[in-house]
There are 2 protein chains.
Amino acid sequence: MADQQRDEEAVDRFVERFASELVEAGMQRMPARVFAALLVADDGALTSAEVGERLKVSPAAVSGAVRYLAQVGLISREREPGSRRERYRLHSDQWYETFTRRDRFLTRLESTLASGVDAVGGGTPAGERIAETADFFAFLQREWTKTMERWRAERSGR
Amino acid sequence: MADQQRDEEAVDRFVERFASELVEAGMQRMPARVFAALLVADDGALTSAEVGERLKVSPAAVSGAVRYLAQVGLISREREPGSRRERYRLHSDQWYETFTRRDRFLTRLESTLASGVDAVGGGTPAGERIAETADFFAFLQREWTKTMERWRAERSGR
DNA sequence: CGCTGGTTTCAGAAAGTTGTGAAGTTATAG
DNA sequence: CTATAACTTCACAACTTTCTGAAACCAGCG
């Protein structure tokens with residue numbers, strides 16, 4: 001546990017590796033990298049210039065990435081008082097709640113699957129296969145709420 | 001519930017819409033479309049030519065897609081006896097179990113996060129933030145097993 | 001054994017994605 | 001109000017991904 005001094009090279013490696021995994025999970029590359037950069041900042045916030053410097057990218061790229069991140073609620077943007085500089089901050093330490101939130105996606109999936117059952121016919125083998133899939137994702141959505149409740153309980157009990 | 005007759009146009013719409021949602025969830029487009037095509041086939045299986053015709057794509061594209069789908073265990077390939085034609089079949093009606101399986105991914109993520117804690121230092125704010133994230137994903141992995149058990153129980157009890 | 005229907009491989013064309021530089025906009029300081 | 005620091009937008013270039021056609025391969029049949 002080398003916690004006396006940050007090894008910035010190791011931090012960079014972590015940033016890139018973690019970003020790749022977010023990409024694999026569906027995030028675009030630049031937002032993922034910016035997000036990872038904020039995650040390793042000690043107070044969870046950086047200015048645009050600091051992000052650009054750490055990642056070696058242009059202001060334009062930072063601008064696009066933070067717009068996306070703010071939109072999905074992973075960061076918030078603050079104005080530094082007495083300056084026209086902005087800081088981008090992890091929206092909360094429970095960012096993973098946002099990240100793993102799949103409500104809207106699951107809802108849409110269910111409605112698509114319902115239309116699929118209609119299209120192939122409810123009584124057919126294909127219809128039943130699709131209906132079961134819909135049931136599964138509905139179940140998943142219900143379970144997710146409970147899982148998050150359990151997490152909060154476990155977490156506060158430490 | 002129009003289940004007297006398949007409306008092939010509506011089926012096609014479903015196939016494309018469902019495939020798009022799989023893409024959004026991280027699957028490549030062509031495998032997603034092929035998979036969706038199998039899902040709406042009454043016996044859950046099609047020949048290469050049938051897939052190509054429904055999706056209007058070349059044999060080469062089908063070949064690449066089924067290779068991928070077989071590799072991740074979503075379909076199996078069968079040889080039609082007395083023919084050199086192959087059929088591709090949904091590996092099981094519980095395909096969603098494979099699809100939602102995230103074990104390997106979560107494990108890798110945890111190890112990345114552990115290296116991140118090391119890089120920034122365990123006692124620092126960033127270190128604690130990253131460690132909490134790692135805890136969360138570890139929790140998620142444990143919960144997932146239980147969720148799937150509950151699903152099987154609920155499902156068999158119908 | 002060679003012919004043929006079917007699948008696979010591969011190089012390249014087409015499409016899509018991403019990040020940059022440069023111009024444009026906005027807001028604060030003076 | 002004007003000057004200017006900082007962010008944003010946009011057209012384009014670089015890169016990546018994806019699909020196709022053509023050729024190669026393979027297995028069963030005659």
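To find a chain, count down the sequence lines: A is the first, B the second, and so on, and within it residues start at 1.
Between the CZ atom of A:Arg87 and the P atom of D:dA5 there is a distance of 20 Å, given to the nearest Å. One can place CD of A:Glu53 at 14 Å from P of D:dA6, the figure rounded to the nearest angstrom. Computed from coordinates, the A:Arg29 CZ to C:dT18 P distance equals 9 Å when rounded to whole Å. A:Arg79 places its CZ atom 10 Å from the P atom of D:dA6, with the value rounded to the nearest Å. Regarding A:Tyr68, its OH atom lies at a distance of 17 Å from the P atom of D:dT9, rounded to whole Å. With rounding to whole Å, B:Arg77 atom CZ is found 12 Å from C:dG6 atom C1'. We find that CZ of A:Arg67 is positioned 13 Å from C1' of C:dG19, with the value rounded to whole Å. For the pair B:Glu78 CD and C:dT7 C1', the interatomic distance rounds to 16 Å; values are reported in whole Å.
Side-chain proximity of A:Ala61 to D:dC7, C:dG19, D:dC10: nearest is C:dG19. Comparing atom distances between the A:Gln28 side chain and each of D:dT8, C:dG21, C:dT18 picks out C:dT18 as nearest. Checked against D:dT20, D:dC7, C:dT8, the side chain of B:Ala60 finds its nearest nucleotide in D:dT20.
Side chains of B:Arg108 and A:Ser20: no donor on one and acceptor on the other come within 3.5 Å. Using modelled atom types, one finds no donor on one side chain facing an acceptor on the other under 3.5 Å when comparing B:Ser48 with B:Arg77.
Within 3.5 Å, a donor on the side chain of B:Arg84 pairs with an acceptor on the base of C:dT4, or the reverse.
Using a 4.0 Å heavy-atom criterion, one finds that B:Val62 contacts no nucleic acid atom at all.
Within the structure, a side-chain polar atom (N or O) of B:Ser48 is placed less than 4.0 Å from OP1 or OP2 of C:dT7.
Residues B:Arg102 and B:Leu140 are not in side-chain contact: their nearest non-hydrogen atoms beyond the backbone lie 4.5 Å or more apart. Put simply, the side chain of A:Phe99 does not reach to within 4.5 Å of the side chain of B:Phe136, judged on heavy atoms.
If you take CD on B:Glu154 and CG on A:Asp135, they are separated by 8.0 Å, rounding to the nearest 0.5 Å.
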